[in-house]
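Every chain is numbered from 1, with letters handed out A, B, ... down the list of sequences.
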Amino acid sequence: MKMKKAFTVLTFVLICCLLMVACSGEEDENSASGDSKTVKFMHLWPEGSSAQHYKVVNQIIEDFETENEGIDIELEVLSNEQYKEKIKVQSTSNELPDVGMTWAAGYMEPFVDGNMFASLDDILEEDNLSEEFVAGTTDAFSIDDTAYGLPLELNISSIYYNKAIFDEYGLEEPTTLDEFNQVVDTLNENDVIPVALGNRDAWTGSMWYMYLANRLGGDEDVLTSAIDRSGSFEDPALLKAAEHLQGLVNDNSFVSGFNGLADQEAKSMFMESQAAMYLIATWDLPNYTTNEDVPQEFRDSVGYFPFPQVDGSGDFNSYVGGPGVGLFVSENSEVKEEAKTFVSYFVKEWGERAVTEVGIIPATKIDGEALDLPELYVEVLDDLNNASNITLYADVQMSASAAQVHLDMIQALFGGEITPEEFVKTHEETLANEE
Amino acid sequence: MDKVMSNKWIITLYILPALLFIAVLIVIPLLLSGYFGLMDWDGIGAMQFIGLDNYITAMQDSKFWESTLHSFLLAIFSALSLLLYLVVALILASKIKGANFLKKIYLIPMLLSSVAIAQLWIKVYNPSNGMLNSILTSLGVENPPAWLADPNIVLYAIFIPIIWQYAGFYILIYYAALKNIPESIIEAAKIDGASPIQIAIRIKFPLIMTVFKVTIVLAIVGSLKYFDLIYVMTGGGPNGASEVMASYMYKLAFSSYDFGYGSAIGFLLLIITLIVTFIIRKATETKDTIQY
């Protein structure tokens with residue numbers, strides 16, 4: 001009998017413990033901190049993979065906290081893919097961090113529609129902050145003329161090439177597609193892979209298509225107008241671009257099996273001098289300039305040229321690119337004012353530090369001459385200042401589901417599974433369906 | 001003590017935590033995904049009830065059927081490879097030299113995570129400097145296939161690491177079952193003049209039939225919901241050529257932001273798996289159990 005009692009008591013205690021564990025999850029965090037307010041900030045540059053980014057962010061936060069007594073920043077850092085998933089789960093349960101990072105245009109649309117992001121127009125007007133940004137970069141983070149994010153990075157894509165390989169075979173930077181084809185032929189004859197391409201991540205192949213469309217489209221941005229529905233995807237330039245793309249594939253311009261390679265694999269082929277060319281955006285610049293882990297010899301031999309003209313048409317100052325991530329403020333944040341102060345401080349500080357310490361190009365204007373920068377870097381900054389047009393990456397412009405179709409179609413077009421006619425038709429149907 | 005444990009209240013109390021966990025972690029999410037499948041929802045904004053529209057769309061979605069077909073192909077391949085595993089287990093169990101060492105070799109893939117296996121095989125399949133194509137080129141093959149890029153080959157190229165990955169698991173199960181067969185039966189057969197192959201087919205195989213049936217269910221159900229290796233190796237590409245049901249569901253919910261439709265596909269996956277399991281159980285049902 002005694003045994004039974006002991007057992008019942010034990011059971012009771014056990015259940016109580018379980019209940020306590022289950023209930024202790026929520027604690028009021030704001031009341032504990034007294035007068036100071038806490039702004040939760042989540043970003044996607046972990047110390048492991050983006051050491052420079054991580055360091056600079058921490059410095060900015062430290063400086064901000066000393067200059068703004070009474071505001072604490074609580075940091076959470078996740079890697080890219082984890083970040084994307086976590087932010088989605090948080091938005092579903094209405095628990096977004098006060099300040100976080102988002103991608104532009106199509107990506108942020110569901111969040112804005114769901115009333116998750118606060119308008120940042122007021123900070124843009126304050127101190128003329130909008131003047132600080134490179135023209136057009138804030139537009140990508142605006143929906144219906146209201147800004148919901150402030151961009152941190154600006155990227156343009158160019159063809160990077162290995163000067164050592166080019167010298168060995170007496171090649172020069174091509175300015176037209178015909179010259180480009182000749183370069184490819186020479187490289188193929190000498191058993192050098194002409195272009196590294198990791199089209200398993202189909203956005204890399206998409207950049208090739210976008211550039212062809214951009215060059216063939218002349219002054220008008222046919223691709224953008226096809227996507228925003230002021231034009232049509234059945235525009236002759238867009239069809240012609242698809243035909244030229246398959247021409248490039250048939251000429252063996254790209255590494256074999258590109259549809260099964262990831263971008264990282266293609267990149268390592270280029271960086272191990274196995275391939276002569278690689279089309280990528282400026283986020284890769286540190287690898288070719290300042291990254292100490294890359295052999296100096298290779299860094300010295302990297303040059304770049306703008307995408308060639310096609311059929312005698314195209315403007316070298318017109319780029320494919322766009323802003324990378326930007327900062328948002330949560331609409332439901334309890335410390336919205338403080339969050340906005342932080343965001344405004346962050347973008348101002350980020351500008352110069354991004355260039356000198358991280359080695360990427362910020363979305364805010366900077367004076368390249370005044371800073372001590374690698375040569376390649378200064379060239380890119382120069383180009384940016386002279387840019388006549390930047391066509392935003394197609395998969396970023398489109399809604400998430402249309403982008404998925406686009407990326408699948410790019411793989412199919414590269415793989416020769418569909419004709420250029422089918423390529424434009426599928427796009428036109430998908431985009432028309434979404435209107 | 002026995003009295004306590006037979007008290008219905010105590011039994012309920014002790015089972016309760018486990019039941020709660022099962023309810024919260026399995027049953028409720030299952031029901032929820034069926035419920036979300038009835039919604040037009042991007043996973044962020046407001047939900048809109050649209051009835052069975054998502055399920056009707058799925059029925060007309062060629063990509064869904066394609067990925068279902070791929071899942072079933074994988075299931076068939078996995079079921080067939082069970083015979084291969086069985087042969088290996090029979091050889092291992094028949095007292096050959098180094099059986100213990102081989103057993104450990106076969107177990108190695110089981111110790112690796114799927115992502116590591118995927119990375120390993122991506123290297124093997126690399127079209128220009130991968131192990132496989134290097135061997136083929138040195139053997140004089142002029143244009144070896146780009147394994148993961150060719151839509152006609154990619155699916156089968158992925159099946160191979162999957163079959164390799166699970167070899168150790170099934171061989172171990174069969175090996176254990178075979179070791180359980182009393183030696184006297186085999187001895188008797190030998191005295192009657194049965195050859196080793198006859199013993200394997202007529203005696204050993206029937207005796208481990210129950211185990212074999214279980215592994216069939218495991219292999220097929222496992223294949224239908226298979227996801228990780230495919231996601232890492234190809235992401236379902238190129239252009240959906242290696243998409244299976246689970247990867248298609250993930251793509252819809254997390255890349256295309258069509259959470260409602262993704263949930264509907266997930267629920268269909270559950271139903272299909274349940275039906276297939278039921279059919280296999282029925283087909284392999286036997287009343288008389290063999291006793292040693």
Point to revise | Geometric cation-pi criterion A/Lys88 and B/Phe259, 6.0 Å radius, 45° cone | key: no

Check your understanding: Hey, mind stepping through A/Leu261 and B/Asn126 against side chain to side chain contact (heavy atoms under 4.5 Å, CB included) and telling me if it holds?
Key -> CA-CA 8 Å; A/Leu261 291 176; B/Asn126 187 307; 3.8 Å; yes

**Study point:** Region of A/Glu85 in contact with chain B, defined by heavy-atom distances below 4.5 Å
**Key:** side chain

Check your understanding: Under a 4.5 Å cut-off applied to non-hydrogen side-chain atoms, are B/Pro238 and A/Arg200 in contact?
Key -> no

**Study point:** Check against side chain to side chain contact (heavy atoms under 4.5 Å, CB included), A/Glu265 and B/Ile122
**Key:** CA-CA 10 Å; A/Glu265 293 172 83; B/Ile122 284 174; 3.3 Å; yes

Practice item. Please confirm whether the backbone N or O of B/Asn239 pairs with a side-chain atom of A/Gln411, one donor and one acceptor, at under 3.5 Å? Key: yes

Check your understanding: Quick one: OG on B/Ser255 to CG on A/Asp395, what's the gap to the nearest 0.5 Å?
Key -> 11.5 Å

Point to revise | Greatest number of heavy atom pairs closer than 4.5 Å to chain B - which of A/Gly114, A/Ala262, A/Ala402, A/Gly257 | key: A/Gly257

Exercise for review: Please tell me if the side chains of B/Phe254 and A/Lys84 come closer than 4.5 Å, counting only heavy atoms from C-beta onward.
Suggested key: no

Review point. Considering residues, nucleotides and ligands other than B/Lys63, do more than 12 of their heavy atoms fall under 6.0 Å from its NZ?
Key: yes

**Study point:** Candidate pair A/Met269 and B/Ser128, rule side chain to side chain contact (heavy atoms under 4.5 Å, CB included), full reasoning
**Key:** CA-CA 10 Å; A/Met269 284 183 144; B/Ser128 38; 2.9 Å; yes

Point to revise | Heavy atoms of other groups near B/Tyr35 OH, more than 12 under 6.0 Å | key: no

Practice item. Select one option (side chain, backbone, both, neither) describing which atoms of B/Trp9 are under 4.5 Å from chain A's heavy atoms. Key: neither

Point to revise | B/Asn129 side chain near A/Gln274 side chain, heavy-atom distance below 4.5 Å | key: yes

**Study point:** Side-chain heavy-atom pair B/Asp258, A/Ser401 within 4.5 angstrom cut-off
**Key:** no

Review point. About how many Å separate CZ of A/Phe111 and CG of B/Asp42, when rounded to the nearest 0.5 Å?
Key: 8.5 Å

Review point. Could you go step by step and tell me if A/Asp408 and B/Lys251 meet the side chain to side chain contact (heavy atoms under 4.5 Å, CB included) rule?
Key: CA-CA 12 Å; A/Asp408 282 348; B/Lys251 200 175 249 182; 4.0 Å; yes

Practice item. Quick one: closest heavy-atom pair of A/Ser256 and B/Pro127, and the distance? Key: O-CG, 3.2 Å

Check your understanding: Given a strict heavy-atom distance threshold of 4.5 Å, which part of A/Ala412 is in contact with chain B: side chain, backbone, both, or neither?
Key -> both

Review point. Taking every heavy-atom pair that is under 4.5 Å apart, which of A/Gly415, A/Ser399, A/Gly260 has the most such pairs with chain B?
Key: A/Gly260

